[in-house]
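Note sheet for the following structure.
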Amino acid sequence: MDFPLVLMVATVLTGIVALVDKLFLATRRADRADAKTALGDMDAAAVAAREPFLVEQSKSFFPVLAIVFVLRSFIAEPFQIPSASMEPGLTEGDFILVSKFHYGLRMPVFGNTLIPVGEPERGDVMVFFPPDDPRYFIKRVIGLPGDHIDYHNRQLTINGEKIATQALSGEPVYRPVKYLVEESLGEHQATVQWVVGRPAGSTELVVWAGPEGEWDVPQGHYFMMGDNRGNSSDGRVWGFVPEKNIVGKAVAVWMHWKSWSDLPSFERNTWIQ
């Protein structure tokens with residue numbers, strides 16, 4: 001379900017009904033009620049003055065819908081991390097706050113920029129719609145328009161320059177099943193994760209690097225990758241994110257709640273790096 005579209009349509013329709021009632025229908029009801037009152041039929045007057053169900057409901061819901069629409073479309077929107085593709089920084093069940101104005105005020109549903117404010121920077125954690133997919137995705141901005149991206153043997157290279165990395169640790173230490181490395185992406189320090197596993201039919205443990213290749217980022221597009229490099233469906237698989245598909249910048253974790261059987265936790269609350 002396209003919730004932004006549903007919210008916009010509901011806000012517009014209830015607003016139109018409330019406006020039409022204020023301009024035309026309410027006056028007509030009042031005139032009919034006055035006429036019945038003049039005849040001494042108070043019961044009929046009360047019936048004539050009563051708002052129709054659709055009008056009553058529209059006038060009740062419109063202010064709430066309008067506030068939610070403005071806040072969600074232009075200020076901030078909550079979002080739940082649906083998978084492990086951004087581990088170790090963001091885990092499945094994290095609730096994050098997405099700034100909707102960080103990259104400019106955008107027209108809801110259509111995505112075109114109304115008021116430019118800023119542009120995505122390398123290393124930003126961004127929420128967006130991938131090409132030909134109506135679902136929200138969250139990944140890290142790796143390639144800006146015009147960049148050349150190279151990713152081989154777990155080494156990320158942008159425009160011919162290897163991205164500096166610093167090994168952090170293996171977890172658990174005695175027999176690692178994942179390795180953590182810190183990458184320097186612009187002003188951001190991203191902790192990247194690679195998991196260890198056995199290929200089908202093999203007894204040898206390998207570190208999963210995920211899809212490898214080279215990409216040239218078109219103008220007006222961005223190249224995205226998950227921090228969990230070996231377990232992320234990202235730009236290496238489905239290509240580039242057009243500017244109009246940007247939803248906003250992820251700025252903070254404000255709650256962790258993985259499933260209904262668990263209790264919400266606020267121990268992971270933090271600003272997103």
Should the heavy atoms of other residues, nucleotides or ligands under 6.0 Å from [atom1] of [X] be counted, would the total exceed 12?
X: Asp262; atom1: CG; result: yes
X: Gln273; atom1: CD; result: no
X: Glu267; atom1: CD; result: no

Open item on the list: Can you classify the ring geometry of Phe223 versus Phe240 as parallel (below 30°), tilted (30 to 60°) or perpendicular (above 60°)?
Closed with: tilted
Task: Parallel, tilted or perpendicular: rings of Trp238 and Phe137 (30°, 60°) - done: perpendicular
Kindly indicate whether the side chain of [X], heavy atoms from C-beta on, has any atom under 4.5 Å from the side chain of [Y].
X: Leu7; Y: Arg72; value: yes
X: Ile158; Y: Ile142; value: yes
X: Arg140; Y: Leu185; value: yes
X: Pro130; Y: Asn245; value: no
X: Phe69; Y: Met8; value: yes
X: Met126; Y: Met224; value: yes
X: Arg122; Y: Leu144; value: yes

Given 3.5 Å as the limit, does a donor-acceptor pair link the side chain of [X] with the main chain of [Y], or not?
X: Asn153; Y: Gln155; value: no
X: Tyr222; Y: Glu121; value: no
X: Asp94; Y: Thr91; value: yes
X: Thr14; Y: Thr11; value: yes
X: Lys178; Y: Val196; value: no
X: Asp234; Y: Gly226; value: yes
X: Asn228; Y: Ser85; value: no

Atom pair [atom1] ([X]) and [atom2] ([Y]), whose distance is rounded to the nearest 0.5 Å:
X: Phe62; Y: Leu19; atom1: CZ; atom2: CG; value: 8.5 Å
X: Asn159; Y: His148; atom1: CG; atom2: NE2; value: 8.0 Å
X: Ser83; Y: Glu92; atom1: OG; atom2: CD; value: 7.0 Å
X: His256; Y: Phe266; atom1: NE2; atom2: CZ; value: 11.5 Å
X: Thr157; Y: His152; atom1: OG1; atom2: NE2; value: 9.5 Å
X: Gln189; Y: Glu182; atom1: CD; atom2: CD; value: 4.5 Å

Tell me whether [Y] is reachable from [X] by hopping between hydrophobic residues (I, L, V, M, F, W, Y) whose side-chain heavy atoms are closer than 4.5 Å.
X: Val70; Y: Val9; result: yes
X: Ile96; Y: Ile246; result: no
X: Phe53; Y: Ile16; result: no
X: Met225; Y: Val181; result: yes
X: Leu97; Y: Val125; result: no

Task: Salt-bridge present (Arg29, Asp21; N to O < 4.0 Å) - done: yes
Task: Short N-O contact, Lys139 and Asp227, less than 4.0 angstrom - done: no
Task: Lys/Arg cation over aromatic Trp215: Arg236, 6.0 Å, 45° cone - done: no
Open item on the list: Assess the residue pair Glu183 and Leu156 against the criterion (side chain to side chain contact (heavy atoms under 4.5 Å, CB included)); give the C-alpha distance rounded to whole Å, side-chain angles, the decisive distance to 0.1 Å, and a yes or no.
Closed with: CA-CA 9 Å; Glu183 281 185 348; Leu156 181 62; 3.9 Å; yes
Task: Near-ring test Phe74/Phe101, centroid separation under 6.0 angstrom - done: no
Minimal non-hydrogen separation, [X] against [Y], with atom names:
X: Gly143; Y: Ile149; result: CA-CD1, 3.7 Å
X: Lys258; Y: Gln80; result: O-NE2, 4.3 Å
X: Pro145; Y: Gln219; result: CB-OE1, 3.7 Å
X: Phe79; Y: Ile138; result: CE2-CG2, 3.8 Å
X: Val55; Y: Val17; result: CA-CG1, 4.0 Å
X: Arg268; Y: Leu90; result: NH2-CA, 4.0 Å

Open item on the list: Does Trp254 form a ring pair (Phe, Tyr, Trp, His ring centres under 6.0 Å) with Phe95? I'd like the steps, not just the answer.
Closed with: CA-CA 6 Å; Trp254 58 276; Phe95 280 79; 5.6 Å; yes
- [ ] Test side chain to side chain contact (heavy atoms under 4.5 Å, CB included) on Val192 and Arg229 and set out the steps.
- [x] CA-CA 7 Å; Val192 175; Arg229 293 285 165 80; 3.2 Å; yes
TODO: Establish, from distance only, whether the side-chain atoms of Tyr103 and Asp124 form a donor-acceptor pair under 3.5 Å.
DONE: yes
Open item on the list: Can you confirm whether the side chains of Asp34 and Thr37 place a donor and an acceptor under 3.5 Å from each other?
Closed with: no
Open item on the list: With side chain to side chain contact (heavy atoms under 4.5 Å, CB included) as the criterion, how do Phe129 and Lys244 come out once you've worked through the C-alpha distance, each side chain's angles and the decisive distance to 0.1 Å?
Closed with: CA-CA 9 Å; Phe129 295 105; Lys244 66 181 180 64; over 6 Å; no
- [ ] Start with the C-alpha gap between Val207 and Val195, add the side-chain angles, then the distance that decides, and say whether side chain to side chain contact (heavy atoms under 4.5 Å, CB included) holds.
- [x] CA-CA 6 Å; Val207 180; Val195 295; over 6 Å; no
